[in-house]
Each structure stands twice: as structure tokens, then as C-alpha cells.
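First the structure, in the form of C-alpha cells, and then the observations on it.
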Amino acid sequence: MNKKKAMTLMSSILMISLLSACGGGNGNAGGNAAEPKASAAATEATGTNAQPAKDAGAVDTSQPVTLKMIFVGPKPVDYDQVFGEINKKLKEKINATLEAEFLDWSDWAQKYPLKLAANEDFDLIYAANWAGYNDQALKGGFLELTNEMLEKYAPMTWKAMPEVAWGQAKVNGKLYMVPQNRGETVEKLILYREDLRKKYNLPEINSPETYANYLKTISGKEKGVTPFVPETGDWKLHNLDRILLKQQNEWNLFDLDLPMGFKLDDPAGKVFNLYETPEFKELVYYYKDLAENNAWSKSALNSKLDHQQEFKAGKAASITHNLGTLGALMTDMREKNSPYELALADINPDKKKSVAVSTQNGVAIHSTSKHPERALMMIDLLQNDKELHDLIMNGITAVHYNPVGEDKFTNAEKNANYTGFSNWGFNSPLNRDNASFPDEANALTDKWEGEVYHYPLETFVFDNSKVKTEVANVGNVMLQYGIPLEYGTVKDVDAGLAKLQQQVKAAGIDTIIAEVQRQIDEFLANSGQ
């Protein structure tokens with residue numbers, strides 16, 4: 001999620017594909033929405049009588065406002081210092097002040113939906129497909145953003161954003177977020193202690209088998225080090241599943257909250273229940289073997305540990321995440337002279353690589369915001385104004401980062417005091433990339449650049465509005481019966497798998513799959529596939 005590198009080279013490929021897909025990216029948000037009255041919609045949604053200006057050049061900002069935004073991730077140590085500078089600029093430009101609240105990684109998954117359900121008083125919130133964007137939009141938590149609103153209050157974003165990115169962010173034909181305007185890879189990798197691999201003369205980690213060998217060896221011989229520490233969060237399909245199911249089998253799994261997918265190279269996009277596949281059964285036995293060999297803590301299911309901090313402290317031998325996050329972590333550890341030798345492992349080196357849709361990161365406006373127009377103006381500036389973008393993304397020059405030209409940076413002394421939270425919602429072509437990013441991470445990016453696989457359903461977004469009850473029921477089954485299997489805590493794997501299959505059917509997985517298939521068939525028919 002802290003993606004300060006992997007996006008850049010990959011983004012060029014995505015942008016080319018996006019522009020070709022939309023015939024030039026003219027900024028029309030999907031091109032098929034009616035022209036609703038933005039002012040009336042915003043005013044009605046917020047319950048105020050304020051009337052916006054006649055045009056973008058005459059927006060009334062005479063009254064000062066404070067905009068509250070919810071971020072995920074820990075509050076930066078230097079929050080007051082950096083946001084103080086941001087607010088000086090926002091005050092000058094739109095007479096607004098930004099106040100932030102942070103939901104720590106250990107409990108964001110629980111608190112995030114509760115804040116929306118309780119209609120708490122805030123204006124903006126980080127939004128992403130992996131954070132339940134579609135679901136929250138359908139529940140009414142986010143304000144609908146119309147074409148007119150975007151043209152008037154976010155003109156730079158409206159002009160710069162590719163049309164296909166707007167389309168990807170629509171839910172049931174309506175837009176509820178300003179998505180990131182920069183492509184990225186979200187494929188997962190393994191970061192591990194290379195010094196430990198060498199210490200025990202283990203083979204190169206380049207397959208599921210060699211990785212399992214590494215974990216079991218560390219477990220048996222290295223006291224005080226947990227072989228693998230998972231990421232905290234309410235993942236129903238976790239990061240290792242992304243590697244060992246999605247990547248290994250070249251599947252698309254839609255999201256982390258439903259046990260279904262399709263093969264990337266299937267032109268018909270036939271959807272299947274992954275719990276009924278032989279690949280999943282084989283993986284469950286793989287996990288069971290690792291659990292029995294203490295590859296992770298027996299309390300991993302309920303752990304609140306920060307896997308990156310555990311790795312930095314030498315308490316974890318390996319973790320998983322995307323290339324940008326792991327590369328940034330390696331950069332930080334090396335600059336701080338970590339005593340550990342680090343390495344990246346792609347254990348699916350010959351498998352297809354894909355890129356994220358625009359909703360991987362973004363910003364939504366709360367449906368109860370009293371200042372939606374000013375909120376849009378702020379998003380516009382933080383995504384497109386160079387000075388403000390540098391501040392929100394990198395902090396203060398010579399304190400947190402040192403600019404290198406127009407598009408790169410190196411870490412300054414207090415870089416660690418401003419990092420780790422979801423400022424990625426403002427990702428744009430103005431992002432700077434770390435000039436000290438690891439060579440091996442750059443090499444992987446270069447390799448993947450030529451391997452990005454574009455497939456017919458790359459921009460398909462599932463609308464679960466007709467099966468919301470079934471989705472919720474299936475999610476509960478995954479937590480109750482699926483997660484224990486995946487962490488190897490079920491004694492009888494066959495019996496546990498049979499129970500999981502039975503329960504997920506009873507919860508309505510077949511109904512969900514039928515609805516997804518209907519939407520896919522319609523999508524392919526409309527796109528001429």
C-alpha cells in the first residue's frame with residue numbers, strides 16, 4: 001500500500017492501455033451518465049441551503065471551512081508539522097483547513113465501516129476496492145459525484161483523468177470516488193532474510209516448494225524468529241492466497257472477500273467457486289504442513305502485530321506485500337544500516353502479471369458532508385497541484401525527503417516520521433519515485449513491464465447490490481470456516497473442507513456466482529468480446 005516505486009514503470013503501460021481503451025481519455029466520466037445538477041444534488045445531500053457559484057471561476061470561498069478526512073494507517077509522527085504546511089497552502093487557495101483522523105492498521109477493518117454506518121461527522125475518507133468501496137457506495141456512505149460537479153470543482157482532475165479510470169470507479173452506473181490517476185501493479189511478493197537463507201545453505205526461493213523449505217528450516221533452527229508474519233486485517237483471502245491461488249493459477253479472484261474467480265485467459269470469463277477446486281484443496285494441505293511446522297504463530301488468526309515492524313526488528317524471517325511497499329521497506333532498512341541482508345522472491349516467476357484498476361486507491365466524499373464542493377476542490381489540489389501534492393505525499397523538503405529533479409526523491413533524516421498511511425488516495429502522475437529504490441526491485445519492475453497481461457475482463461467491476469445478503473452470509477462463512485483451514489488450525493483437513501463447501505453453498509455462493517456471470521456476460525456482449 002505504501003507504493004512509492006512499483007507504480008512508475010508499470011503506470012506507463014496502464015496509461016497506454018487506458019488511453020487506447022477510451023479513445024483518447026477526454027475526461028468524460030464514463031461518457032454515459034446523464035448531466036445531473038451538481039449543485040442541487042450536493043446541497044440536497046448535505047442538508048444545507050448554500051448555493052454554489054455559477055461557474056468554476058466564481059466559486060465562493062469567502063467563508064472559511066474545516067474539512068475532516070479519515071485516513072487508514074497510523075498517524076504520522078510529524079503530522080502537525082506537515083499538515084500545518086498543507087493547511088497554509090489550502091487556506092491561500094480555497095480558504096479551507098484539513099483535519100485528519102487515522103485508523104491504525106491493527107483495527108481499521110472494524111472501525112472503517114462503523115464510522116460510515118454511524119454517520120459520523122466528517123467530509124472525506126480514503127476509499128479503495130480492497131476497503132469495501134462498492135459495498136459502502138451502495139449503502140449510501142459516499143456522495144455521488146456527477147460530471148457537472150467534477151467539471152466545476154475539480155477541473156484539473158476532470159481534465160487529467162483517463163475516461164476508463166472514471167468508468168472503473170462507477171458502481172451501478174454512478175461515481176462515488178475520485179480514483180487515483182496512476183497505474184500500479186498489485187501482485188504480491190515475498191520479502192525475506194537472505195542472510196538466513198545463506199546461513200543454512202538453502203536453495204534460491206523461486207517456487208512454493210523452495211519457500212516452504214525456507215520457512216520450515218527457519219522454524220526448526222532459528223530461535224526467536226517467526227518464519228512468516230501475516231498482515232493484520234480482516235482479509236478473508238490473504239496475501240499468500242494472492243500468490244498461491246491468484247498468481248500461481250493465473251486467476252482473477254475479484255476481491256479478497258468472496259471465494260470465486262475466473263481464469264485470466266478464459267474469453268468467456270466462466271466464474272467458479274474456488275473452494276471446490278483441486279487447487280484450493282492442494283493449497284490447504286500446503287498450509288496445514290506449514291502450520292504443523294510452526295511456520296507462523298499459533299495466535300496468527302488474532303494477531304495485532306505489524307508485520308513490517310516485526311520484519312524490521314528481525315523478529316520475522318519473511319513477509320508479503322506488493323513491490324512498492326516491500327521496496328520502500330528495503331530502502332528504509334538499508335538506509336538505517338539494518339544488520340540483516342534482504343531479498344525479494346517472486347515464487348511465480350513465469351506467471352502472468354496484471355495491473356490494478358483505478359479504485360485500488362482513491363478518495364470519497366461522505367454523503368453527509370456539509371462542504372462537498374470545497375472537499376472536491378481540495379482533492380483536485382492534492383492530486384494535481386505540484387506543491388501540495390509533494391507535501392501530502394512526501395512531507396517537507398529537507399526534513400522528510402530531498403527532491404531529485406522533478407520526479408524523484410531520496411529520504412531525508414526524518415522520513416520515517418511521515419509515512420505509512422493512505423495518502424495514496426492522491427496518487428497521480430506527479431508522484432515522485434525513490435531514487436534509492438532497491439536495484440533488485442527495479443529489475444523486477446523492468447521484467448514485469450514486458451509481461452503485463454491485459455485480458456477482456458480487466459476493467460470489469462462486480463455490482464453486488466442484488467446479492468448483498470448472500471455476500472454478507474458468505475463472508476461470515478469464510479471467516480468462520482475458511483480462515484481456520486487456511487492457517488492450518490483444523491485437525492481434519494478433508495472434513496473441514498467439506499464443511500466449508502457445505503456452509504458456503506448454504507450461504508448463497510451459487511446465487512452470487514450466477515449474478516456475477518450474468519454481469520460478465522452482459523459486459524462482454526457490450527464490449528464486443
Side-chain angles (χ1 to χ4, degrees), residues 1-4 6 69-79 82-83 100-116 120 122 124-133 135-136 180 184 186 188-191 226 228-243 255-257 296-297 299-316 318-333 356 359-364 392-393 395 415-427 475 479 483 486-487:
M1 287 174 280
N2 181 15
K3 313 169 182 82
K4 288 189 174 178
M69 179 168 175
I70 308 297
F71 291 90
V72 296
K75 182 178 181 179
V77 175
D78 288 349
Y79 163 79
V82 178
F83 275 64
E101 180 180 347
F102 298 85
L103 307 180
D104 200 84
W105 291 119
S106 62
D107 54 15
W108 77 270
Q110 290 74 39
K111 290 184 177 180
Y112 185 100
L114 291 178
K115 286 193 167 292
L116 289 161
E120 290 191 14
F122 60 88
L124 305 104
I125 187 168
Y126 172 79
N129 50 15
W130 53 267
Y133 165 63
D135 189 44
Q136 292 300 335
Q180 66 178 9
E184 60 180 301
V186 291
K188 303 300 180 181
L189 285 164
I190 293 163
L191 175 62
T226 303
F228 171 74
V229 174
E231 181 181 7
T232 57
D234 187 21
W235 305 121
K236 299 178 181 71
L237 294 171
H238 50 67
N239 279 345
L240 280 179
D241 290 334
R242 299 281 289 272
I243 295 172
D255 57 39
L256 303 180
D257 293 329
W296 46 74
S297 168
S299 61
L301 283 174
N302 303 307
S303 174
K304 297 288 186 181
L305 294 175
D306 183 320
H307 67 313
Q308 293 188 45
Q309 292 301 322
E310 291 294 292
F311 188 81
K312 288 174 71 172
K315 297 178 181 179
S318 68
I319 60 174
T320 56
H321 220 292
N322 59 48
L323 182 56
T325 296
L326 298 183
L329 180 58
M330 293 173 74
T331 300
D332 182 60
M333 291 177 69
T359 54
Q360 179 69 18
N361 297 290
V363 180
I392 191 67
M393 301 303 289
N415 172 266
N417 288 356
Y418 187 74
T419 188
F421 71 100
S422 60
N423 49 0
W424 330 299
F426 302 107
N427 279 340
L479 289 174
I483 291 296
E486 299 214 22
Y487 281 92

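Given the structure is predicted, the values throughout are model-derived calculations rather than measurements. In this chain, numbering begins with 1 at the start of the sequence shown.
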Looking at [Y], is its backbone amide N or carbonyl O close enough to the side chain of [X] to form a donor-acceptor pair, meaning the two atoms are under 3.5 Å apart?
| X | Y | value |
| --- | --- | --- |
| Asn417 | Val77 | no |
| Tyr487 | Ser299 | no |
| Thr226 | Ser297 | no |
| Asn423 | Ile392 | yes |
| Trp105 | Gly420 | yes |

Quick one: [atom1] on [X] to [atom2] on [Y], what's the gap to the nearest 0.5 Å?
| X | Y | atom1 | atom2 | result |
| --- | --- | --- | --- | --- |
| His321 | Leu326 | NE2 | CG | 7.5 Å |
| Lys111 | Ser106 | NZ | OG | 7.5 Å |
| Leu116 | Ile125 | CG | CD1 | 4.5 Å |
| Phe102 | Met69 | CZ | CE | 9.0 Å |
| Leu479 | Lys236 | CG | NZ | 5.0 Å |
| Leu189 | Asn322 | CG | CG | 8.5 Å |

How are the rings of Tyr126 and Trp130 set relative to one another: parallel (under 30°), tilted (30 to 60°) or perpendicular (over 60°)?
tilted
Angle class for the Phe83/Phe421 ring planes (parallel below 30°, perpendicular above 60°, tilted otherwise)?
tilted
For a side chain to side chain contact (heavy atoms under 4.5 Å, CB included) check, start with the C-alpha distance between Glu101 and Phe122, then their side-chain angles and the critical distance, and finish with the verdict.
CA-CA 9 Å; Glu101 180 180 347; Phe122 60 88; over 6 Å; no
Taking side chain as C-beta onward, heavy atoms only, is [X] less than 4.5 Å from [Y]?
| X | Y | answer |
| --- | --- | --- |
| Trp424 | Gln360 | no |
| Thr325 | Gln308 | yes |
| Glu486 | Leu237 | yes |
| Lys315 | Leu305 | no |

For a quick test of reading the model, state the closest non-hydrogen atom pair linking [X] to [Y] and the distance between them.
| X | Y | value |
| --- | --- | --- |
| Ala127 | Tyr112 | CA-OH, 3.7 Å |
| Pro74 | Asp104 | CB-OD1, 3.3 Å |
| Phe426 | Val363 | CE2-CG2, 3.7 Å |

Dump the intermediate steps for side chain to side chain contact (heavy atoms under 4.5 Å, CB included) on Leu103 and Lys115, then the final yes or no.
CA-CA 10 Å; Leu103 307 180; Lys115 286 193 167 292; 3.5 Å; yes
Please determine whether side chain to side chain contact (heavy atoms under 4.5 Å, CB included) holds for the pair Ile190 and Phe228, giving the CA-CA distance in whole Å, both sets of side-chain angles, and the decisive distance to 0.1 Å.
CA-CA 10 Å; Ile190 293 163; Phe228 171 74; over 6 Å; no
Only counting residues at least two apart or in another chain, list the ones meeting side chain to side chain donor-acceptor pair (under 3.5 Å) with Asp332.
Lys312, Lys336
After noting the C-alpha distance and the side-chain angles of Met393 and Asn427, does the key distance pass the side chain to side chain contact (heavy atoms under 4.5 Å, CB included) rule?
CA-CA 8 Å; Met393 301 303 289; Asn427 279 340; 3.2 Å; yes
